[in-house]
Amino acid sequence: MDDDRRKKLVNLGAEALADALLELAKQNDRAEAIIVRMLASPKENIRRIKARIAAVKRSRRFVTRRESFALAQKLETLLEDIRASVTDPETGLRLVAAFYDADEGALGNSDDSDGDIGDVYRITARDLFVEYAKRHPDPTWPAELAFELNQVDDYGVRDSLIHAAAEYLPKPDLRAMTDRLQAAVDDASDESERCRRLLLLESLAQQAGDAKLYEKTALDDSESPPDESVILDIASVHLASGDAQTALAWIKKTPPEHSFLESSRNRLLLDIYEGLGDTAKQTEVAWRLFRQHRCAKTLEKLLSLIGEERRDEILLREITSILSEPHISVTDVQFLMELGRIDEAETYLLRRADALNGNMYESLLPLAKEMETAGRPLAASMIYRALLNSILQNARTTAYPSGARHLRKLDELADSISDWNGFCDHATYVAELRRFHYRKTSFWSRYGG
């Protein structure tokens, strides 16, 4: 399709395209930047880019939260200008480094609560730095540049260059940067700076596959004794470096169950036992994972260990178990839906509709849509009611637009329901809503609108 449109545009002729581009540039800063870049020489483009970076660096005007997205867009355009104008990797790296050096002008006087400006540095600028660094003939030069930029990081955006070091540095240069940063930790001016450098060192050790250094650094940077997350990270790095036995020794230092990281622990254990070739232990862990979170992925992993021929047996037993449990589990409903067991999923949900927690928006809304698509309007309605009840009961005014959409969806679904299966019908439900929440006029005005 794009090729066809391109041919048609070419046929319009240069004059028509030039007029259209100039008209577009009046309305769009990016189009204006493209025209300026196309008409300038390479040297003029570099001078212009340097001037724009200098203007960012000098800026002291306060940028409100509402204005922050517009500033982020301007910074994105500046980086696009560098990418399109500069092919020489060293020149490109110097310009990106100058862009990072201007972070105080962009972030020092901005309300970046939404993170839009910071993300330009953490993501777009980092990616451009990596792009140029990969093409530089001497990897020690971009390594030096990234290291020097990270001597100061007042706004927490320059560390992304270190976290991405493995993308542009060969192993020897990555190791050299690690050694240099290790020395810099000891030279830190205060405890805060020492902690920042330790975190960077952890990242480099992980990227370099140096499990022993990562272990030492992580322990230096944590409380004593280390918490469970630190232990799991250490075990994970040992496993990634090929030492499953040491990884197992570390993971045994964590509580085996009833932990908020239990699922993460079991997933790591599964990989460790695979590395050790212990199928029996793998199977034991796979069962635990499946029972903790029934889904197609954990089922397939379990069947890969115990045999595909046991699929029907496992499914019959698990579905029976799910339907007999008194409490409600959204993941179990989703599991039944994944298996195509729509009747069982609907029955399970309707029997436990009173227990639906409308605060679980992220899980319930997709499930409501799935039930609607599957032609189960009553089950979908019970979920939408739970979501709406939560919004109104908690008086979450920012969610009133969503609540109004839910109620309009309930209006629509009601037309498809002939048997309410013991639940109050839609008219009764809405009457009760109006009785209990009649003071929430902003909600009702949105619904009416």
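- Side-chain contact between Tyr155 and Ile117 is absent, with no heavy-atom pair separated by less than 4.5 Å.
- Inter-residue side-chain proximity for Val237 and Glu215 is flagged as unmet; no heavy-atom pair is nearer than 4.5 Å.
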Does the salt bridge (charged side-chain N to carboxylate O under 4.0 Å, His left out) test come out yes or no for Asp153 and Arg197, once each step is laid out? CA-CA 10 Å; Asp153 188 15; Arg197 294 182 182 184; over 6 Å; no
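- Between Arg122 and Asp119, at least one side-chain N (NZ, or NE/NH1/NH2) sits under 4.0 Å from a carboxylate O, which counts as a salt bridge.
- Gln245 has its side chain out of reach of His238: every pair of non-hydrogen atoms, C-beta onward, lies at least 4.5 Å apart.
- Counting heavy atoms from C-beta outward, Leu261 and Thr254 have side chains that stay 4.5 Å or more apart.
- Side-chain contact check for Thr320 versus Leu323: every heavy-atom pair is 4.5 Å or farther apart.
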Hey, mind stepping through Thr77 and Arg52 against side-chain contact (heavy atoms from CB on, under 4.5 Å) and telling me if it holds? CA-CA 11 Å; Thr77 302; Arg52 290 176 66 190; 4.1 Å; yes
Test salt bridge (charged side-chain N to carboxylate O under 4.0 Å, His left out) applied to Lys409 and Glu412, step by step: CA-CA 5 Å; Lys409 175 58 72 175; Glu412 177 188 328; 3.5 Å; yes
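- Counting heavy atoms of neighbouring residues, nucleotides and ligands inside a 6.0 Å radius, atom OH of Tyr438 does not exceed 12 of them.
- Salt bridge Asp220/Lys216: present, at least one basic N to carboxylate O contact under 4.0 Å.
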Just do the side-chain hydrogen bond (donor to acceptor under 3.5 Å, both in side chains) check on Ser203 and Gln207 with the steps written out, would you? CA-CA 6 Å; Ser203 176; Gln207 293 175 74; 3.0 Å; yes
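- No option in Arg61, Arg66, Arg65 other than Arg61 meets the side chain to side chain contact (heavy atoms under 4.5 Å, CB included) test with Val63.
- Side-chain contact check for Leu239 versus Ile251: every heavy-atom pair is 4.5 Å or farther apart.
- Each of Leu79, Ile49, Val56 was compared with Phe99 under the side chain to side chain contact (heavy atoms under 4.5 Å, CB included) criterion, and only Leu79 meets it.
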Does His163 form a side-chain contact (heavy atoms from CB on, under 4.5 Å) with Arg126? I'd like the steps, not just the answer. CA-CA 10 Å; His163 296 318; Arg126 176 206 62 198; over 6 Å; no
Run the salt bridge (charged side-chain N to carboxylate O under 4.0 Å, His left out) check on Arg83 and Glu131 step by step: do they pass? CA-CA 9 Å; Arg83 177 182 275 108; Glu131 189 179 313; 3.1 Å; yes
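- Closest of all the heavy-atom pairs between Leu201 and Thr178 is CD1-O, 3.6 Å.
- Salt bridge status for Arg385 with Asp354: absent, with no side-chain N to carboxylate O gap under 4.0 Å.
- Arg396 contributes atom CZ, which lies 9.0 Å from atom OG of Ser402 (distance to the nearest 0.5 angstrom).
- The pair Glu432-Arg435 meets the salt-bridge criterion, with a side-chain N (NZ, NE, NH1 or NH2) lying under 4.0 Å from an Asp/Glu carboxylate O.
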Do Ser390 and Asn359 pass the side-chain hydrogen bond (donor to acceptor under 3.5 Å, both in side chains) test, and can you show the C-alpha distance, the side-chain angles, and the key distance before you say yes or no? CA-CA 6 Å; Ser390 172; Asn359 295 329; 2.5 Å; yes
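- We find the CD1-CG distance between Ile383 and Leu388 to be 13.5 Å, quoted to the nearest 0.5 Å.
- Salt-bridge annotation for Glu372 and Lys369: absent, with no side-chain N of the basic residue lying under 4.0 Å from a carboxylate O of the acidic one.
- Note that CD of Glu370 is 8.0 Å distant from CD1 of Ile342, once rounded to the nearest 0.5 Å.
- Between the CG atom in Asn389 and the NE2 atom in His437 there is a gap of 6.5 Å [rounded to 0.5 Å].
- In this structure a side-chain-to-backbone donor-acceptor pair under 3.5 Å is present from Ser324 to Ser321.
- Atoms CG and CZ, from Leu407 and Arg405 in turn, are 12.5 Å apart once rounded to the nearest 0.5 Å.
- When side chains are defined from C-beta on, Leu315 counts as touching Leu299, because their heavy atoms get closer than 4.5 Å.
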I'd like to know whether Asp111 forms a side-chain hydrogen bond (donor to acceptor under 3.5 Å, both in side chains) with Ser113, so could you lay out the CA-CA distance, the side-chain angles of the two residues, the decisive distance to 0.1 Å, and finally the verdict. CA-CA 6 Å; Asp111 179 352; Ser113 302; 2.4 Å; yes
Could you please spell out the steps behind the ring pair (Phe, Tyr, Trp, His ring centres under 6.0 Å) verdict for Phe423 and Tyr429? CA-CA 9 Å; Phe423 296 101; Tyr429 173 72; over 10 Å; no
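- Around atom CZ of Arg60, more than 12 heavy atoms belonging to other residues, nucleotides or ligands sit under 6.0 Å away.
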Under the side-chain hydrogen bond (donor to acceptor under 3.5 Å, both in side chains) criterion, do Ser229 and Asp227 qualify, and how do the steps go? CA-CA 6 Å; Ser229 62; Asp227 65 29; 2.7 Å; yes
Step by step, work out the side-chain contact (heavy atoms from CB on, under 4.5 Å) result for Val86 and Tyr132. CA-CA 10 Å; Val86 181; Tyr132 284 125; 3.6 Å; yes
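- Every residue meeting the side-chain contact (heavy atoms from CB on, under 4.5 Å) condition with Thr347, not counting sequence neighbours, appears here in chain and number order: Arg351.
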Any chance you could lay out the salt bridge (charged side-chain N to carboxylate O under 4.0 Å, His left out) test for Glu308 and Arg311, step after step, and finish with the verdict? CA-CA 6 Å; Glu308 179 63 31; Arg311 178 183 291 272; 2.4 Å; yes
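- Aromatic ring pairs are classed by plane angle as parallel below 30°, tilted from 30° to 60° and perpendicular above 60°; the pair Trp444 and Tyr447 is perpendicular.
- Applying the side-chain contact (heavy atoms from CB on, under 4.5 Å) test to Ile328 and every residue at least two apart in sequence or in another chain returns Tyr348, Arg352, Ala355, Leu356.
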Give the intermediate values and the outcome of side-chain contact (heavy atoms from CB on, under 4.5 Å) for residues His426 and Ile417. CA-CA 9 Å; His426 182 61; Ile417 302 171; over 6 Å; no
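- No more than 12 heavy atoms of other residues, nucleotides or ligands sit less than 6.0 Å from atom CZ of Arg341.
- None of Tyr384, Phe443, Tyr400 except one satisfies the ring-ring contact (aromatic ring centres under 6.0 Å, His included) rule with His406; the exception is Tyr384.
- Between Glu325 and Asp332, the closest side-chain pair of non-hydrogen atoms falls below 4.5 Å.
- Put simply, CG on Asn357 and CG on Leu387 are 9.5 Å apart, with the number rounded to the nearest 0.5 Å.
- Between Asn266 and the choices Leu270, Leu268, Leu269, the side chain to side chain contact (heavy atoms under 4.5 Å, CB included) rule is met once, by Leu269.
- Dense packing is recorded around CD of Glu309, with more than 12 heavy atoms of other residues, nucleotides or ligands lying under 6.0 Å away.
- Within 6.0 Å of NZ in Lys301 there are more than 12 heavy atoms belonging to other residues, nucleotides or ligands.
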